[in-house]
Structures are given as C-alpha cells and as structure tokens.
Amino acid sequence: MPHTVTRFAARRLTALRLALAASTALAAPAHAQTAPGADAPAPEAIVVTGFRRSLEAALNLKKNSVAAVDAIVAEDIAKFPDQNLAESLQRIPGISIQRDGGEGRAITVRGLGAQFTRVRVNGLETVATSSDGASANRDRSFDFNVFASELFTNLVVHKTAEPSLDEGSLGAVVDLNTGNPLGGKAGLTAVANVQGSYNDLSKNLGPRLAGLLSWRNDEGTFGANVSAAYSKTSTLELGNNSVRWAQAYFNSVNGTNCLYSVPGATGGVATNYSGNYRPSTACDQASLSFHPRIPRYGVISHERERLGLTGSIQFKPSDHTKLSIDALFSRFKENREEKWLEVLARSNEKSIDVVNPVYDANNNMVAATFNHAYVRTEHYLRQSNTTFYQVGATLDQDITDKLKVKILGGISKSDADIPVETTMLLDNRNANGFSYDYRNMASPVISYGDSVTDPSKFQLAEIRDRPSNVTNRFKTVQGNVTWEVADGFTLKGGAVWRRFNFDSVAYLRDSAVCGSSGADLVLGTLTCSSTTYGFPVTSSMVDTVNLGNAGQPAGTTSSWVVANLANTTAYTKLYSRTPTLDSGNVRAVQETTSGGYLEADFKGNLLGLEFGGNLGTRYARTSQKSTGILSGNTVTVGRTYDDWLPSANLAFYPHPKVIIRAAYAKVLTRPTLGNLTPGGSIDGFNYKISYGNPQLDPYRATNYDLAVEYYFAPQSVVSLALFQKDIASFPISSSYAATFASTGLPQSALPTSSPAYINFDPNQIYQITANVNGSGARLQGMELALQMPFKFLPGKLKNIGFQGNVTLIKSNANYTITGPATNPCTRATAASACTLVGVTSVYPATLLGVSKTAWNATIYYDDGKFSLRGMLSYRGPFNDSTSGTSNVFEGYGSYTSFDAAVRYKLTPSIEISLDGNNLLDTYRYRYTDAATTRNYENNHFGRTIQFGARWKY
C-alpha cells in the first residue's frame, strides 16, 4: 500500500478516536467506512468541551465517512444540545421541520417529506406514531415528538445511499442512537438534570427531569446503563381559521334574490333556501368569488406528558466479541382541547343573505355581512396516548483479523391510542348581523351581531365521538459479513428480513340531534321542526371562553360560550352509544421485505490522487397484504415486487484538507399506507369504483450527488453540495376506465344484490377513481454550509464560533387539480338546473412539501465554563397538499424562529442552564390556494423558557 495512503489513513483513525473521546456516549454507525484523505487534528490538539465538543465530534463523523453524512452529537452523557430532536435536526443542511403545537414533529430532507425518510433506533428501522392537529399519523412518517431528547447520544443523517444501508428512503436514513456504556469511563457515572418549563402564553410552569446511571468495569469488558426522562408541559395555540375558501350560491346579495322558489321555475323567490340558482350580475359575482367556509377564532390547548426509559448492557469478553442489548420505552400523552366560535357557511350558503360584499383583485369576497347565518360553537377534546418500545440485540464477532460478522435483531411497537375524540356543537341557525373582514388576510375582523355569550340563543344540535387506534410493529433480523480482502479493499455482504404491520381502526358515535325525518336521534324526547333542531341549552351546560391574545384586530368578538363537555356528554349519554365502524379508517397492511446486499469498499492512490469509496447493489423483495372495507365487505389484496438498487459513493482527497464527494443510487420509498388500502365503495349497478389502490407502485428515483468540503482549520469546514433526484413514479389521484380484473379485487367486494355480482364478468369495464402511478418529477438543489470557531479573535473573543447553512431547491411536478368554476351557471341540458362546476386542469408546481429556500445560523460562545448560543432558523413557503373546494394547492407561509441557550458551570459537577424556545413567538400562517394565499389559519404558540441545573458524578 502506498506510504501516503497509510499516513492519511492513520490520521483518519486518530480523528475518529478524538471524535469518540469527545462524546463518551457516541455510538457511530456500524457500517461507517473510515476513509483516507483530509488532514486531521494531531493527538496533542487542544481538547474542547461543551457545545464546541459536540460540533467537533459531529464534524469528525462527517469527515470520516466516504458517503454524505451529517450528525448531531450530545455534549455529554444525557446532555443533548437541544430540547427536541426535530429541532436539532433542522441545524443540518438540507433539513427543515414541521411543527405541531409549537414544537418540531416531523422532518423534510432535501425537499422530500417525512414519508420519504427512514428512521432507525439503535440500528433497527421503526415507525413512531403520535397524533397531530387533524388525526393520528397513518403514514410511514416518524414522529420525533414522541421521544425526550435526553435519551439520545447522537443523531446521524445519511443523505446518500449505500448498499449496506437499509432501503426505503428517497430522502435520508436517520439513525437515533441511545447509550453506549463501554464508551464511557470506568466506574460509576451518574447524571441528574432538573428543569422547569414556562410558557408565556399559557402561563404554565411544568417539570422537565432527566437522569442516567452508567457503570463500566476497569477492564472494559462489561458495561450497563439506564436513563430516564420525564416532562409535563401545557401550551396554548391561539389564532384564526377559515377551513378553506369556496364558491357557492347564496340566497340573496344586497337584496337581489339568487334562488327560484321552485326547482326549475322561472319566477318567484325562494323562502326555504332550496331553490335553483337565479342568475344576475350581483349573484354571479358573489357565487364565483371565494368566501371563507367556516371563519372563526379559537383557543387550542396542548397538555403533554412524556416519559422515556432506556437501558443498555454490553459484554466484551475479548477483543473479538461484543454483545450489546438495548431497550427503549417511551410514553407520550396529550390532551388537545379546542374551543371555536364560527359561522358554518359551508353547505349552508343558500340560507344566507349577503349584505355589502367587498371583493379583492384575487376574486375573494374579503368582507361582508351575513344574515340568516348559521352560528356555531365547537368544543373538541382529543385524549391520546402513544406508547413505544423497542428491544434489540447486536453481536459483533471477529472470526479472524480480517473476517468479521455482525448479527442484529429486534422488535418494536408503536401504539397510538385515541380513546376519546369528542366534539359537542351548539348552533344558532338563524343569526343576523354576522360580519367578517379579511382585507388583512392574516388577522381578520370577525364580529357577531347576536349574542354569543347567552346560552339560550343556542341549541345543542350535534354530538360526536371518534375513538381510534393506530399500531405499528416491526420485526427485524439481519446478518452482515465483512472481509478485508487486502489493504484498501474490503468486501461486505448481508441478508435482512423485516416484517412491518400497520393496523388502523376507528369508530363513530356521531349523530345530529334531529334527523332528516324529523326524529330525535339521540334521546327521543324532542319534537323536531324547522326551529327546533337541538336540545335547549342552559347555563349549566356551557363554559365561557375568553380568546386572549390571538392577534385579533379591534372589533373582533372575543368571548363566547361552548358546551361543557362533562355535562353535555352525560346529558346526551354520548359514551353509552354503541359505536359503529368508521370503515374508511379501518385499514391494515402487512409488509414483509427480504433481501441482501453486496458492497465493495476501497481506498487507494491513483496518479498521486487519493480516493476512497464503496459500490455495490442491494436486492429487496417486498410482499404486501393490504386490507380494507369495501361496500361493507372486508377485502384483502396481496402483491409482491422486486427491486435491484445499485449505488456508489466516491470520495477524492486532492489535498489533506479537501474532500470531493460523488454519489449515485437507485432508491425507493414504498407507497403511502393510506393509499394502499382496498377500502372504498363500489357501485355494482353503474359499474363505478372509488378506492385505495393496493397495486400502487413504490416511489422510485435515481439520485445524483456532488459535494466539496474544505476543512480549513480545526473544528472548521466550508462545504458545497449539489444534488438531483429524478423521481420516476409519483402516484397521483385519477379517474380512468379499466376492467374489474385489473383492480385485483375479488368478486366478494361487489354488493351481492347488484348485477355486477350476479352476472360477474372480470372483463367488465368500470369507471375507477383511485391513486395511480403517474408521471415522475425532478428535484434539484444546493446546500452551502459553514462551521468555524473565531480563533483568530483576541482574548476571550476567540471562544466565539459560528455554524450555519442555506439550502436552495428547485423542483417540478404536474398535478391534476379541479380549480375554480368560471361559469356561474353550467347546465347539463337546456332544462337542467344551474351548477357551479370547477375546471379540472394540470398544474405544474413544486413538489409538495418543498421549500425553495431554507437556512439556519447558530452563533455561540463557549469557554468551557460559560456558554451562550443563539439559533435562528428560516423555512420558506411551501405547498403541503393539493387542497380542495376548488382551491389550487394549500400550504404554509415562511416561518422564522429564534432559540437561545445559556450554560454556566458552578463547579466541575454542577451546571445551571437557561433556554428560550420560539423567542420571536412567530405566527404560523397556513394558506389555501397557492396563487392567492387565502387564509387557512394563522396562529401562535408563545415563548417557552426552561431553567434548571445539571449534576454529574
């Protein structure tokens, strides 16, 4: 082997050893390949501590891998540098986060959302599931808010694929690693961290506690540790919401009648709000404009409690054998409570008389007064409980000095249970004088003419309860063999078997009080009529809500009554009602993957240019069984498909301080779980099918990466990375004609009384609405990052440092979307009634979830005793989904957050801390329709201050 390769490889080994020493709990990825090349700190380099040590350890992990790797490393045992794992990850170039209740929940890597990122805990792939503002997570995405950050020692993000790296990601593979007791000092180590957490919006103070015990014998042959973390918080979310905007026919506009009294008639004015549309200039303008469907302000509270436990045992009887057993348990409980005051314009526009409408240049009815409006107050409560556990074991065995075997296996389970999801609705269905003004789209004026604090104005009109459960289970067994064939050349091979089970079940106890037949459907005591649609409301049945600071302008109604949940659920006997299956949310997928890989790792010198790399291929066989309810029948559909996934990573070292990286890979992400269900509906009389598609292909893509890194000084790097993802298959919703046989559904899925079942013909043509394998998309981007301490400054200023990055992404995809209606009166025939029909078109746009620009910057001071850091993060606007009600896309506006942390060591063992999160108290603006960015919601969560002390023995 050339002398220069040996010399640089030795330096790389020294750098890796220093990285391990910098974080005693560091658990580097098992497959990380030590590369030749760039210069490394000499053994006599100054040892750094605190936040600077975590940055240095992370940088050495990046430097010592031939693939594109970034990391966040604990400053010390049980001392993660951030309070939330997702918020830590956003400091890595190319990563943005999505928030729920004011804290990071999911990540986006290089523009691809959470479903495209695979997460492993201690080397085992898993899915952790919680619930968000809408529902439980019924996808492959990983919810980082389930875990306390104190439980982890490092996060490693693999941005490029390797044959030995688990498949399933178009974006990245993220490794979350807990304790490594053999990496610590001999003897007993004990750590305790006690903090208080205060939110300035909720005015609540809650505890945040963490502790760790670790022991290792003097010989380094046995070690064990246990850790625990507990926190309880209470935060508020205050703001407004429109629940999208829509086009619709109204009863009248400024006195001009918009409906005929009798369907199909040419004269007479409607009095029951059910007539056909009557065109006119005023009515046409109103019906074609967009108005808020449910304009409202509200108070949302989040009561969250986390408990996390980890344990690890490591046994190393010789230098050739090491056995590790790791266990992790987490429990995340949340009570989410919402209290809204609103007008239910949605589907009730034909009862509304519009007065003094104001239109803007984007065809929005941005202000108006509504008479005969449908005023509603909502009181919603969801109690959720997520429990997660994982147990895994790893055996590392050296057969010879050049032949090594690693066997890994384990199980995990994430159980997200929602035993209570209750909504009680109070209505006043003939209110006058309601007005709104959205000329300031983010902060509208919403005012009510009738009293909304008088219970007698309302009737208890509707009750809901929707308990549900989502459970994910993983079982994994894999074996890996590493053979050092010669100096600079190593072969790796392995096999893997995984089984993933996803089960979702949901129930309904929903009922309107008065049904269409006029019967009381809840208690059977009311005589229903046009004016009696619910139970009378008394003062004992309500609570009074005060909005507080939701950014509302003067003139906004800020107090109202909502149903008292305890009293109204008891009165209506809600929880005694027999629940019915919510068939659309009864789904199951069993996915079994098996396969293996072959990889060659190499390093050498060609014409004086050092290089290192790996190349090979991975084979994956995927077998799926998808179950859903279709027309009242339980249907299971199976399929199997195979993928060969070649990949290569090359690293060139033209200078001891410079690394040039290039990578190529075929990658895949398996389909969204909800889209795989065969559940839906079949019309066996008219030969129509609407369902999920169990035959949906995975997302497949080809990734290209090119990067340059310049390690210009110790603990310093400036880097530029370019990447491109050519996505070959990109599922979209579509309507098409095909045979029944092409769906893969059995005859039993058809209604047994229908002609389609009685005269079953698998070649019968059906009109099918489902997700299909559409055309692909392309994503291109650039990451620019800089990390450096300011050691060139005099005196104590040399303890200042900077870490920052910016990501720029360009993407394109085509989406078929039903957009606005352009004709106020579309008729099927000359004698037909008018309808508003949206125009379906293909809209080119960025990929969903992709922000064109994102950046973050951290400036810090750390002298070993006192440290201070501030972190500013920005994510640009992005489309989140294709929306509905004729809006073209919906998404989020730009978001900027600022966090800060202060640490001071009173003694070598005791440190006090002060942290501030979301110090700008930025409002999160969500829009509907990308071109006009109509208000969907605008809310804020307050600032959170955490203070406390940490003790280490």
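If you're wondering where the values come from, they're calculated on a predicted model, not measured in any experiment.
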#### Entry: Distance-only donor-acceptor check, side chains T928 and R244, under 3.5 Å
no

### Task
Just do the side chain to side chain donor-acceptor pair (under 3.5 Å) check on T235 and S202 with the steps written out, would you?
CA-CA 5 Å; T235 59; S202 68; over 6 Å; no

### Message
Strictly distance-based, threshold 3.5 Å: is any side-chain N or O of T569 a donor or acceptor partner for the main-chain N or O of A566?
### Response
yes

### Message
Please find the pair of heavy atoms, one from A286 and one from M365, that lie closest to each other, and give the distance.
### Response
CB-CE, 3.8 Å

### Task
Keeping the roles fixed (side chain from R827, backbone from S832), state whether a donor-acceptor pair exists under 3.5 Å.
yes

### Query
Do side-chain atoms of D360 reach the backbone of N362 as a donor and acceptor pair under 3.5 angstrom?
yes

### Message
Go through it in stages, so that I can follow the logic: the residues are N546 and S559, the test is side chain to side chain donor-acceptor pair (under 3.5 Å), and I'd like the CA-CA distance, side-chain angles, deciding distance and then a yes or no.
### Response
CA-CA 5 Å; N546 294 305; S559 294; 2.8 Å; yes

### Message
With a 4.5 Å cut-off on side-chain heavy atoms, are Y925 and N938 touching?
### Response
yes

### Query
So, for N939 and E237, which heavy atoms are closest and what is the spacing to 0.1 Å?
ND2-OE2, 3.0 Å

### Message
Is there a side-chain contact between E378 and E462 in this structure, where contact means two heavy atoms from C-beta onward sitting under 4.5 Å apart?
### Response
no

### Task
Indicate whether any N or O donor in one side chain lies under 3.5 Å from an N or O acceptor in the other, for T422 and D465.
yes

### Message
If I compare all heavy atoms of G111 with all of V850, which pair ends up nearest, and what's the gap?
### Response
O-CG2, 2.7 Å

#### Entry: Main-chain N/O of L259 paired to N257 side chain as donor or acceptor, under 3.5 Å
no

### Task
Locate the shortest heavy-atom distance separating N935 from A442; write the atom from each residue and the value.
ND2-O, 3.6 Å

### Task
Look up atom CG in L847 and atom CG in N812, then write down how far apart they are to the nearest 0.5 Å.
7.5 Å

### Ring-ring centroid check Y927 F889, cutoff 6.0 Å
no

#### Entry: Min side-chain heavy-atom separation V545-V299 under 4.5 Å
yes

### Task
Would you give the length of the straight line joining atom CG of D450 to atom NZ of K457, rounded to the nearest 0.5 angstrom?
5.0 Å

#### Entry: Intermediate values then yes/no, side-chain contact (heavy atoms from CB on, under 4.5 Å), L238 and L201
CA-CA 9 Å; L238 303 180; L201 204 57; 4.0 Å; yes

### Query
How far does OH of Y277 sit from CG of L836, to the nearest 0.5 angstrom?
7.5 Å

#### Entry: Under 3.5 Å: donor-acceptor pair, side chain of N356, backbone of A368
no

#### Entry: Trace of the side-chain contact (heavy atoms from CB on, under 4.5 Å) decision for V542 with N564
CA-CA 5 Å; V542 299; N564 177 287; 5.7 Å; no

### Query
Between D510 and R466, does at least one N-O distance fall below 4.0 Å, as a salt bridge requires?
yes

### Task
Using modelled atom types only, decide if a donor and an acceptor are shared between the side chain of E349 and the backbone of S347 within a distance under 3.5 Å.
yes

### Task
Compute whether any side-chain donor of one residue and acceptor of the other, for T556 and S558, lie under 3.5 angstrom apart.
no

### Query
If you measure from the Lys or Arg side-chain nitrogens to the Asp or Glu carboxylate oxygens, is any gap between E937 and R924 under 4.0 Å?
yes

### Query
Distance from H372 atom NE2 to S351 atom OG, nearest 0.5 Å?
8.5 Å

### Query
So which heavy atom on P279 is nearest to which on C834, and how close?
CG-SG, 4.4 Å

### Task
Decide side-chain contact (heavy atoms from CB on, under 4.5 Å) for H379 and T568; before the verdict, give the C-alpha distance in whole Å, the side-chain angles of both, and the deciding distance to 0.1 Å.
CA-CA 11 Å; H379 194 173; T568 54; over 6 Å; no

### Message
Within the 4.5 Å heavy-atom criterion, are S384 and R336 side-chain neighbours or not?
### Response
no

### Task
For the residue pair F458 and M541, establish whether any side-chain heavy-atom pair is separated by less than 4.5 Å.
no

### Query
Does the side chain of V354 reach to within under 4.5 Å of the side chain of T369, using non-hydrogen atoms?
no

### Task
To the nearest 0.5 angstrom, please state how far the OH atom of Y571 sits from the CG atom of L523.
6.0 Å

### Message
Using 0.5 Å steps for rounding, measure from the CD atom of Q552 to the CG atom of N440.
### Response
12.5 Å

### Query
Do N823 and V837 have side-chain heavy atoms sitting under 4.5 Å apart?
no

### P553 to P444 - nearest heavy-atom pair and separation
CD-O, 3.2 Å

### Task
Quick one: sort the Y438 and Y436 rings into parallel, tilted or perpendicular, breaks at 30° and 60°.
perpendicular

### Message
Treating D929 as the side-chain partner and V888 as the backbone partner, does any N or O pair qualify as donor plus acceptor under 3.5 Å?
### Response
yes

### Query
Under 3.5 Å, is there a donor-acceptor pair linking the side chains of S897 and N918?
no

### Task
Indicate whether any N or O donor in one side chain lies under 3.5 Å from an N or O acceptor in the other, for T885 and N887.
yes

### Message
Is there a side-chain contact between N251 and I352 in this structure, where contact means two heavy atoms from C-beta onward sitting under 4.5 Å apart?
### Response
no

### Query
Does atom OH of Y843 have more than 12 heavy-atom neighbours from other groups under 6.0 Å away?
yes

### Message
Ignoring hydrogens and geometry beyond distance, is a side-chain donor-acceptor pair present between T826 and T835 at under 3.5 Å?
### Response
no

### Task
Answer with yes or no after comparing the ring centroid distance for F941 and H302 against a 6.0 Å cut-off, counting only values under it.
no

#### Entry: Pair L236-I300, side-chain contact (heavy atoms from CB on, under 4.5 Å): steps then yes or no
CA-CA 6 Å; L236 288 180; I300 303 173; over 6 Å; no

### Query
Where does the angle between the aromatic ring planes of Y923 and H940 fall among parallel (under 30°), tilted (30 to 60°) and perpendicular (over 60°)?
parallel

